[in-house]
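First comes the structure, then the notes that go with it.
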Amino acid sequence: MKLEGVELRRVAMPLVAPFRSASGVETTRDVLLLRVVTDQAEGWGECVAMAGPHYSSEYAEAAASVVRRFLIPAVAATPRLDAYAVAAALAPVKGHRMAKAALETAVLDAELRAEGRSFARELGAVRARVPCGVSIGILSSIGELIDAVGGYLDAGYLRIKLKIAPGWDVEPVRAVRERFGADVLLQVDANAAYAPADARQLARLDPYDLLLIEQPLAEDDLLGHAELAKRITTPVCLDESITSARTAATAIALGACAVVNVKPGRVGGYLEARRVHDVCAAHGLPVWCGGELETGLGRAANVALAALPGFTLPGDISASDRYFATDLTAPFVLEDGHLPVPAGPGLGVEPLAGVLDEVTTATEWLPL
Ligand code: NPG
């Protein structure tokens, strides 16, 4: 495959409601999209970096810069380009995994579209539809939270995740359990907002039979998570800490987690995400697919990944209308709590030209 050029496109997608977590509030999704043009097909990659460096050190503007200045030149210098060559070509650039993931995804999409194969088929999907969970941000009152949870359960979501932070943890969990009962699959996500000294407070979540607590402590505190796991009965799941299949293996060996959230952007792409899945499966750990407020383009690839056999827990994979009044692609619509895995070539979805134009804030064509 020969790369002819890459388009960097920024889009601003208003969220249907602000999304607050311990790492900040999002009101508009400011996304960097990459469109690679090759001699055989085009491909899309969505960069999951947010507008600011609060969930991770990466942010959209920096991702655009590193793609333009370093990643595209590195890929352009690769003699036989295919998706499996991208990570090796980009290895001399440290970090910037979200930017690298977007470029690898776009190359993989182009390659698969040219060959008429789907992401699901390429990654090794074994399901035609995936169960969906929903992530609920920190709200201003328990009443508002109960209304939100009730609405999502009525819509058919099969699992609820509550964002927590010091001051918004045991009370919201207790309220949701009391109102909706013991059968609701419920988990919490702390986005690294706690310290090891908070173990006693986190143990107060034990009676509520949570599926897991996600990333209670700092990203680099694997030993802290291993210690915490001995002091609470809620299974510890890692998100921010897992940056590669290697860190997943280390975390598992240390006893730092019993479950892993797999986010392709966080680990540098779908090919590494599959390796994280494989490492976890080999150790008997369940995984689930995380989300970063993706548009339909990124969502399509996440749904394909979530159809792999080790993804035994519902992911943060919501329908388009959870976040956007109008999605960039034909909307993903919940069917009986599930989303269908796209089966068409590549991502299996296309941006809708009218919508794309409307939300685009900047484009830049880089010919090769
Ligand atoms: O459904 O796409 C989704 C969002 C799920 O809660 C979610 N994502 O920390 O996992 C997270 C969180 C997130 C949101 C992370 C925005 C980064 C940015």
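Please read these numbers as outputs of a predicted model, since none were measured by experiment. Just so you know, ligand 1 is whichever comes first in the structure, and atom 1 is the first atom listed for that ligand. Index from 1, following the sequence.
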May I ask you to identify, for Asp239, whether its side chain, its backbone, both or neither come under 4.0 Å of ligand 1 on a heavy-atom basis? side chain

Should Asp316 and Arg159 count as an ion pair when the cut-off is N to O under 4.0 Å? yes

What residue and heavy atom of the protein are closest to atom 3 (C) of ligand 1, and at what distance? Tyr323 OH, 3.1 Å

Heavy atom of Lys163, distance to ligand 1 below 4.0 Å: yes

Of all protein heavy atoms, the one nearest atom 17 (C) of ligand 1 is Tyr55 CG, 3.4 Å

Assess whether a salt bridge exists between Arg10 and Glu364, defined as any Lys/Arg side-chain N lying under 4.0 Å from an Asp/Glu carboxylate O. no

Is there a donor-acceptor contact under 3.5 Å linking the side chains of Asp189 and Gln215? no

Applying a 4.0 Å heavy-atom criterion (strictly less than), which segment of Asn191 is in contact with ligand 1: side chain, backbone, both, or neither? side chain

Heavy-atom distance under 4.5 Å between the side chains of Val48 and Lys263, does that happen here? no

Check each atom of ligand 1 against the heavy atoms of Met50 and keep those under 4.0 Å away; list them by number with element. 16 (C), 17 (C), 18 (C)

Run the salt-bridge test on Glu350 and Arg113 with the 4.0 Å N-O cut-off and return the result as yes or no. yes

Kindly give the heavy-atom pair with the smallest separation between Ser241 and Ala218, and that separation in Å. OG-O, 4.0 Å

Consider only side-chain heavy atoms of I, L, V, M, F, W and Y, link residues closer than 4.5 Å, and tell whether Ile164 and Leu212 are in one cluster. no

Thinking salt bridges, do Glu227 and Lys230 make one under a 4.0 Å N-O criterion? yes

With heavy atoms under 4.0 Å as the rule, classify the contact between Arg322 and ligand 1 as side chain, backbone, both or neither. neither

Among Glu292, Lys263, Arg299, Glu214, closest by any non-hydrogen atom to atom 10 (O) of ligand 1: Lys263

Side chain, backbone, both or neither: which part of Glu26 has a heavy atom under 4.0 Å from ligand 1? neither

N or O pair under 3.5 Å between Ser135 and ligand 1: yes

Salt bridge Glu292-Arg266, side-chain N to carboxylate O under 4.0 Å: no

Check ligand 1 against Lys161 and write out every atom of the ligand that is under 4.0 Å from a heavy-atom position of the residue. 6 (O), 10 (O)

So which heavy atom in the protein is nearest atom 14 (C) of ligand 1, and how far is it from that ligand atom? Phe19 CE2, 3.8 Å

min-distance protein heavy atom vs atom 2 (O) of ligand 1 -> Leu293 N, 2.8 Å

Could you tell me whether some N/O pair between Gly291 and ligand 1 is separated by less than 3.5 angstrom? yes

How does Asp189 reach ligand 1, by side chain, by backbone, by both or by neither, if only non-hydrogen atoms under 4.0 Å count? side chain

Does any non-hydrogen side-chain atom of Phe311 lie less than 4.5 Å from one of His277? yes

